[in-house]
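One structure is given here, and the rest of the page talks about it.
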Amino acid sequence: NVAKVLRSNSYLAIVRRLFCLEEGAKAKKIGLTDVVDYYFDRLENLVIPNIQRLQATARKVGVELIHIRVASATRDGRDASARFRTGGFETPTHTKEAEILPEVGPKEGELVVNKTTESVFNSTNVDRLLRNMGIENLIIVGVVTNGCVEGATRSAAELDYGTILVEDATAALAPQL
């Protein structure tokens with residue numbers, strides 16, 4: 001029962017840096033059509049609907065939702081990790097690339113944390129926020145599975161948080177990831 005699990009946990013992390021449509025078009029141009037088609041199909045038909053269901057239930061039972069996004073404080077992304085900078089992830093806070101999809105976006109009063117590394121725990125004060133709020137267990141969803149989601153899940157476990165990674169509310173660029 002989802003509501004029972006959510007009641008026993010007090011945090012739902014929406015960890016995502018969405019592989020946007022513009023990036024998808026670029027990937028198709030260089031011959032990665034299968035990857036792009038798989039990813040967007042999974043997002044549209046599985047991940048987003050499941051995140052929406054989890055969010056609705058979490059909100060109904062009073063679970064704290066915290067939304068995580070890749071967003072740098074500087075326009076040129078110089079505050080981001082070297083990996084993000086060299087990978088072209090300059091996503092200043094007020095740009096389209098840093099936006100959270102409206103379908104799974106925050107409601108009034110929900111926290112949004114901006115990060116500049118794969119693991120939200122490496123470039124933010126999210127650990128302090130969680131501890132200040134008395135949160136000990138995390139339910140983690142989002143994209144991409146083998147990047148930010150995995151980084152956040154591993155870091156959370158290392159910091160002794162109870163973690164649940166919701167497989168059908170995550171996506172990677174390939175099924176084996």
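The model shown is predicted, which means the values in this text are computed figures rather than measured ones.
- For the residue pair Leu54 and Ala169, the shortest heavy atom distance occurs at CD1-CB, 4.2 Å.
- At most 12 non-hydrogen atoms from other residues, nucleotides or ligands lie less than 6.0 angstrom from CD of Glu44.
- Checked by atom type and distance alone, the side chain of Asn50 pairs as donor or acceptor with a backbone atom of Leu46 at under 3.5 Å.
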Steps toward side-chain contact (heavy atoms from CB on, under 4.5 Å) verdict (Asn114, Arg69): CA-CA 5 Å; Asn114 298 329; Arg69 66 180 180 162; 2.6 Å; yes
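- Residues Tyr39 and Ala172 come closest through the heavy atom pair CD1-O, 3.3 Å.
- Across every non-hydrogen atom of Thr116 and Ser72, the tightest pair is CG2-CA, 3.8 Å.
- Contact of the Leu159 side chain with the Arg131 side chain is registered, since non-hydrogen atoms from C-beta on lie closer than 4.5 Å.
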side-chain contact (heavy atoms from CB on, under 4.5 Å) assessment of Ile139 paired with Val63: CA-CA 10 Å; Ile139 299 169; Val63 171; 5.9 Å; no
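- Smallest separation of non-hydrogen atoms from Ser119 and Gly151: OG-O, 3.4 Å.
- Considering all non-hydrogen atoms of both residues, Val104 and Gln52 come closest at CG1-CG, 3.8 Å.
- For Glu110 against Gly105, the heavy-atom pair with the smallest separation is OE1-O, 4.4 Å.
- Atom CZ of Arg154 has 12 or fewer heavy atoms from other residues, nucleotides or ligands within 6.0 Å.
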Ile66 vs Leu129, side-chain contact (heavy atoms from CB on, under 4.5 Å): CA-CA, chis, key distance, verdict: CA-CA 10 Å; Ile66 301 176; Leu129 290 172; 5.5 Å; no
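- Atom CD1 of Ile164 sits about 11.0 Å away from atom OG1 of Thr153, to the nearest 0.5 Å.
- Two residues are said to be in side-chain contact when any heavy atoms from C-beta on lie closer than 4.5 Å; Lys107 and Gln55 fail this criterion.
- Distance check: Tyr38 OH to Leu43 CG gives 9.5 Å after rounding to the nearest 0.5 Å.
- For Glu167, the side chain to side chain donor-acceptor pair (under 3.5 Å) partners two or more places apart in sequence, or in a different chain, are Arg42.
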Working for side-chain contact (heavy atoms from CB on, under 4.5 Å), residues Glu118 and Asn122: CA-CA 8 Å; Glu118 278 194 345; Asn122 291 337; over 6 Å; no
